[in-house]
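Down below is the structure, laid out as structure tokens.
This one's a predicted model, so the numbers in the text were calculated from it and none came from an experiment.
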Amino acid sequence: MSLRSNPHFPVIVWLTSGCVLVLFMVLLGGATRLTQSGLSMVEWSPLGSLPPMNEADWQREFESYQTSPEYKILNKHFSVEDFKEIYWFEFIHRMTGRFIGIVFIIPFLWFLIRHRFPPGFLKKMLLLLLLGALQGVVGWLMVKSGLQKNPHVSHYRLAAHLLMALTLFGFIFWFMLDLIPGKEKSTRSSRWPMGLLLLLLLQIFYGALTAGLKAGYLYPTFPLMGDRLIPPLSVPGSGWEVILEGQVAVQFIHRLIAFTLLFLSMAFFYSVRHVDPRNPLRRGAQLFILGMGIQVLLGALTVWTTVHIVPAVAHQAMAFILTAILLWTLHRMQIQK
């Protein structure tokens, strides 16, 4: 049966567009952070707002920004024209989030009224609505952490915001796969995909910490950090503070997990080398080892270019693609049991 002849094809298209929009939102969020635009809007409205339409509006918006610690501590030299340059990324990022909500809710109501959801699917869609709403709240709490005394958002809240986006993306992707019958032959059991997924989630968490602490700027060298394989990791504090708040330690752990994932992706592929090429486990291994190679290269380009926006956001997007590969593998293994 072709995808177009699938009775749930409209719902599949809708969920696919949701995955694409969430990924676009993540890329836009990364660009907003890298252009130092995330704290340009000091107020938050669940329904959003119109952008400044004239010079008087711009002046009022700028005066609100002047009350923020970012302006008082870092950008006191800013004029209205300087403010305009950082305002648009954050405004578009926020309004894109509202747009995604509209894109989701209107088709959701139409499918609900027309009884287009499969039995039991409504609960799954309500879960997506809840996760989308929570993502907006977590995003505001993240921004709010940078509007207090310190003009930098909490790297913990940044990590929570990214992981919440990944969770939303993952559920949408999984539910979409539920509606697409698998054509693959039955597969043997394997713990590789789940183990790699858990390690990948830890890696993405550390990637967010690296971004939030601006740790990626410290060593623009790869694979060595400076002239060392293991840099000095001593920081004030001990225990969790060292591995969660030390810039050097966080970047080192992020790199260490990356090489571990690359090595394990090779081991995963080697373990299924004799499996039928049409088997989802074999396909997943092939895609994951390819994706990890690209991801490590993007990570290297990010540090070599001192966190240039293009490789940095591509690196972030690739993390979501790798997650999708493992979720696809797990899903196809599940339905073939």
Side-chain angles (χ1 to χ4, degrees), residues 1-3 6 12 15-16 19-20 23 26 163 166-167 169-208 210 222-225 229-230 251-304 311 314-337:
M1 181 177 67
S2 67
L3 188 59
N6 189 311
I12 293 171
L15 291 174
T16 302
C19 286
V20 173
L23 184 56
V26 169
L163 290 176
L166 185 66
T167 301
F169 173 87
F171 272 109
I172 296 174
F173 185 70
W174 187 275
F175 296 156
M176 179 194 70
L177 291 176
D178 283 342
L179 301 178
I180 304 175
K183 299 179 180 179
E184 300 81 6
K185 293 185 177 180
S186 61
T187 180
R188 64 181 182 179
S189 176
S190 175
R191 297 181 180 178
W192 275 105
M194 180 56 73
L196 287 169
L197 179 61
L198 294 175
L199 187 58
L200 179 62
L201 292 177
L202 179 64
Q203 173 69 335
I204 292 171
F205 171 70
Y206 262 93
T210 301
F222 188 88
L224 300 179
M225 296 180 69
L229 183 62
I230 302 177
Q251 186 189 152
F252 174 73
I253 293 171
H254 186 52
R255 294 191 185 202
L256 180 62
I257 298 175
F259 283 117
T260 303
L261 277 168
L262 182 61
F263 172 77
L264 290 177
S265 70
M266 298 176 188
F268 177 30
F269 180 74
Y270 182 80
S271 71
V272 297
R273 65 191 184 282
H274 297 308
V275 175
D276 188 325
R278 294 169 294 179
N279 192 298
L281 193 62
R282 172 73 176 269
R283 288 182 177 181
Q286 289 174 322
L287 291 172
F288 191 73
I289 192 173
L290 175 62
M292 274 307 306
I294 296 172
Q295 181 70 325
V296 170
L297 177 59
L298 289 172
L301 288 173
T302 300
V303 296
W304 284 335
H315 188 54
Q316 189 165 279
M318 196 64 208
F320 277 62
I321 294 172
L322 287 169
T323 302
I325 291 170
L326 292 176
L327 288 176
W328 177 85
T329 306
L330 285 167
H331 189 279
R332 288 321 190 209
M333 286 173 57
Q334 181 191 69
I335 65 175
Q336 295 297 334
K337 287 183 178 180

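Q295 contributes atom CD, which lies 6.5 Å from atom CE of M292 (distance to the nearest 0.5 angstrom). If you take CG on L264 and CZ on F288, they are separated by 8.5 Å, rounding to the nearest 0.5 Å. To the nearest 0.5 Å, atoms CZ (F268) and CD (Q286) are separated by 10.0 Å. Note that the CG atom of L262 and the CD1 atom of I289 stand 7.0 Å from one another [nearest 0.5 Å].
Residues I172 and C19 come closest through the heavy atom pair CG2-SG, 3.5 Å. In this structure, P280 and T329 approach most closely via the heavy-atom pair O-CG2, 3.8 Å. The minimum heavy-atom distance linking P181 with N6 is given by the pair CD-ND2, 3.6 Å. Looking at every heavy atom in both residues, W174 comes nearest to H331 through CE2-CD2, 3.4 Å.
In this structure, the side chains of P193 and L281 come closer than 4.5 Å at one or more pairs of heavy atoms. Looking only at side-chain heavy atoms (C-beta outward), Q316 and L298 stay at 4.5 Å or farther from each other. When side chains are defined from C-beta on, W328 does not count as touching I325, because their heavy atoms never get closer than 4.5 Å.
Listed by chain and number, the residues in a ring-ring contact (aromatic ring centres under 6.0 Å, His included) with F169 are F320 (sequence neighbours excluded). F205 pairs by the ring-ring contact (aromatic ring centres under 6.0 Å, His included) definition with nothing, not counting sequence neighbours. In this structure F173 satisfies the ring-ring contact (aromatic ring centres under 6.0 Å, His included) test with no other residue, sequence neighbours excluded. In this structure F222 satisfies the ring-ring contact (aromatic ring centres under 6.0 Å, His included) test together with F259, sequence neighbours excluded. Taking W192 as the reference, S271 meet the side chain to side chain donor-acceptor pair (under 3.5 Å) condition, with sequence neighbours excluded. In this structure, the side-chain contact (heavy atoms from CB on, under 4.5 Å) partners of L179, at least two apart in sequence or on a different chain, are H8, V11, I12, L15, P118, F121. Residues passing the side chain to side chain donor-acceptor pair (under 3.5 Å) test with Q251, sequence neighbours excluded: R255.
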Take R282 and D276 through the test side chain to side chain contact (heavy atoms under 4.5 Å, CB included) and record every step on the way to the result.
CA-CA 7 Å; R282 172 73 176 269; D276 188 325; over 6 Å; no
Please determine whether side chain to side chain contact (heavy atoms under 4.5 Å, CB included) holds for the pair L177 and R332, giving the CA-CA distance in whole Å, both sets of side-chain angles, and the decisive distance to 0.1 Å.
CA-CA 9 Å; L177 291 176; R332 288 321 190 209; 4.3 Å; yes
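Checked by atom type and distance alone, the side chain of R273 pairs as donor or acceptor with a backbone atom of Y270 at under 3.5 Å.
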Which donor-acceptor pairs under 3.5 Å do the side chains of residues 195-204 make with protein atoms, sequence neighbours left out?
residue : atom : partner : partner atom : Å
Q203    : OE1  : H254    : ND1          : 3.1
Q203    : NE2  : H254    : O            : 2.9
Q203    : NE2  : H254    : ND1          : 3.4

